[in-house]
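Worksheet: the structure to be examined is printed underneath.
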Amino acid sequence: MDGVDTSITLTVNGREHRLRIDVRSSLLDVLREDLGLTGSKKGCDQGQCGACTVLLDGRRANACLALAVAQDGAEVTTVEGLADGDRLSPLQRAFIERDAFQCGYCTPGQLCSATGMLEEAARGWPSAVTEDLTADPDLDETEIRERMSGNLCRCGAYEGIVAAVKEARA
């Protein structure tokens with residue numbers, strides 16, 4: 001059975017792309033296959049591992065679950081868009097300094113998720129473990145772990161990831 005194609009426009013990492021896609025394509029597949037942005041990984045393809053996490057209009061999203069056709073006009077930031085040219089973001093530098101990755105497969109999703117999570121915390125958004133809902137969240141280890149719980153690391157680099165997020169927040 002042949003798919004139905006349509007045209008969409010995405011702004012990815014600050015650059016506008018006009019694309020002709022199959023309406024069944026996930027955002028992850030469009031990023032990887034049509035745009036050649038292979039930083040976002042296909043882990044479980046079911047939204048369970050977070051390896052495909054991107055920022056979609058500034059909010060964390062599992063690209064494997066997002067139909068690309070539904071994102072027409074959206075702004076997408078992938079791990080390739082977190083750096084400023086050759087200059088890594090403070091979070092990316094902290095991941096390196098704190099050895100927050102081992103094999104690196106989950107790292108792009110972890111970085112995008114942590115970037116979005118830090119913005120959420122800066123806006124005062126509580127998590128399931130935030131004790132005082134009237135104050136800005138304190139990003140202690142418990143908060144960071146809860147907020148990053150949608151991103152799995154099969155190598156177990158969680159200690160480094162938490163340390164890197166704490167360092168980048170400071």
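Within the 4.5 Å cutoff, the side chain of Tyr158 has no heavy atoms near those of the Asn151 side chain. Side chains of Leu82 and Thr115 form a contact here, defined as non-hydrogen atoms less than 4.5 Å apart. Using a 4.5 Å cut-off on side-chain heavy atoms (C-beta onward), Glu143 and Asp140 make contact. By the 4.5 Å heavy-atom criterion applied to side chains, Pro137 and Pro126 are not counted as neighbours. For the pair Ser113/Met148, a side-chain contact is recorded, criterion being any heavy-atom separation below 4.5 Å from C-beta on. Looking only at side-chain heavy atoms (C-beta outward), Leu19 and Leu35 come within less than 4.5 Å of each other. Here the side chains of Lys166 and Val162 are in contact, with some heavy-atom distance below 4.5 Å.
Listed for the Gln71 side chain is a donor-acceptor partner under 3.5 Å among the backbone atoms of Leu67. The main-chain N or O of Cys64 is never found under 3.5 Å from a side-chain atom of Asn62 such that the two would form a donor-acceptor pair. Remark: side-chain polar atoms of Asp57 are not paired, donor with acceptor, to backbone N or O of Val76 under 3.5 angstrom. Tyr105 places a side-chain N or O within 3.5 Å of a backbone atom of Lys42 that can act as its donor or acceptor partner. Distance alone, capped at 3.5 Å, places no donor-acceptor pair between the Arg32 side chain and the Leu37 backbone. Side chain of Asp99 to backbone of Gly160: no donor-acceptor contact under 3.5 angstrom is found. Side-chain N or O atoms of Ser89 include one that pairs as donor or acceptor with a backbone N or O of Gln92 at under 3.5 Å. Using modelled atom types, no side-chain atom of Arg169 and backbone atom of Leu118 make a donor-acceptor pair closer than 3.5 Å.
Under a hydrophobic clustering in which Ile, Leu, Val, Met, Phe, Trp and Tyr are joined whenever their side-chain heavy atoms come within less than 4.5 Å, directly or via other members, Val129 and Ile144 fall into different clusters. Val165 and Trp125 fall into different hydrophobic clusters, where Ile, Leu, Val, Met, Phe, Trp and Tyr residues are linked whenever their side-chain heavy atoms come under 4.5 Å apart, directly or through other members. Under the 4.5 Å side-chain heavy-atom criterion for grouping Ile, Leu, Val, Met, Phe, Trp and Tyr, Val79 is not connected to Leu27 through any hydrophobic cluster. Under a hydrophobic clustering in which Ile, Leu, Val, Met, Phe, Trp and Tyr are joined whenever their side-chain heavy atoms come within less than 4.5 Å, directly or via other members, Val30 and Val4 fall into the same cluster.
What you find for Ser40 and Val54 is that their closest heavy atoms are OG-CG1, 3.4 Å. When all heavy atoms of Cys153 and Ile161 are compared, the closest pair comes out as CB-CD1, 4.3 Å. Contact detail for Asp132 and Thr134: the closest heavy-atom pair is OD1-OG1, 2.5 Å. Considering all non-hydrogen atoms of both residues, Asp29 and Ser26 come closest at N-OG, 3.0 Å. Smallest separation of non-hydrogen atoms from Leu28 and Lys41: CD2-O, 3.9 Å. Taking every heavy atom of both residues into account, Asp136 and Gly124 meet most closely at OD1-CA, 4.0 Å.
With values rounded to the nearest 0.5 angstrom, Glu33 atom CD is found 10.5 Å from Asp22 atom CG. Rounded to the nearest 0.5 Å, atoms CG (Leu31) and OG1 (Thr38) are 10.5 Å apart. Taking CG of Leu111 as the reference point, atom CZ of Phe95 lies at 4.5 Å (rounded to 0.5 Å).
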Only pairs under 3.5 Å count here: list side-chain donor-acceptor contacts from residues 5-13, not counting sequence neighbours, and write none if there are none.
{"unit_1": "Ser7", "atom_1": "OG", "unit_2": "Arg20", "atom_2": "NH1", "d": "3.0"}
{"unit_1": "Asn13", "atom_1": "OD1", "unit_2": "Thr78", "atom_2": "N", "d": "2.8"}
{"unit_1": "Asn13", "atom_1": "OD1", "unit_2": "Thr78", "atom_2": "OG1", "d": "3.4"}
{"unit_1": "Asn13", "atom_1": "ND2", "unit_2": "Thr78", "atom_2": "OG1", "d": "2.8"}

Evaluate Phe101 against Cys106 for side chain to side chain contact (heavy atoms under 4.5 Å, CB included), listing each step before the verdict. CA-CA 8 Å; Phe101 52 89; Cys106 73; over 6 Å; no
Could you check Arg147 against Leu139 for side chain to side chain contact (heavy atoms under 4.5 Å, CB included), going step by step and ending with a plain yes or no? CA-CA 9 Å; Arg147 290 168 183 264; Leu139 285 185; 3.7 Å; yes
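No donor-acceptor contact under 3.5 angstrom links the side chains of Arg60 and Thr53, judged on distance only. Side-chain atoms of Glu146 and Ser127 form no donor-acceptor pair, as typed in the model, at a separation below 3.5 Å.
Heavy-atom contacts from other residues, nucleotides or ligands closer than 6.0 Å to CD of Glu16 number more than 12.
A salt bridge links Arg123 to Glu119: at least one charged side-chain nitrogen sits closer than 4.0 Å to a carboxylate oxygen.
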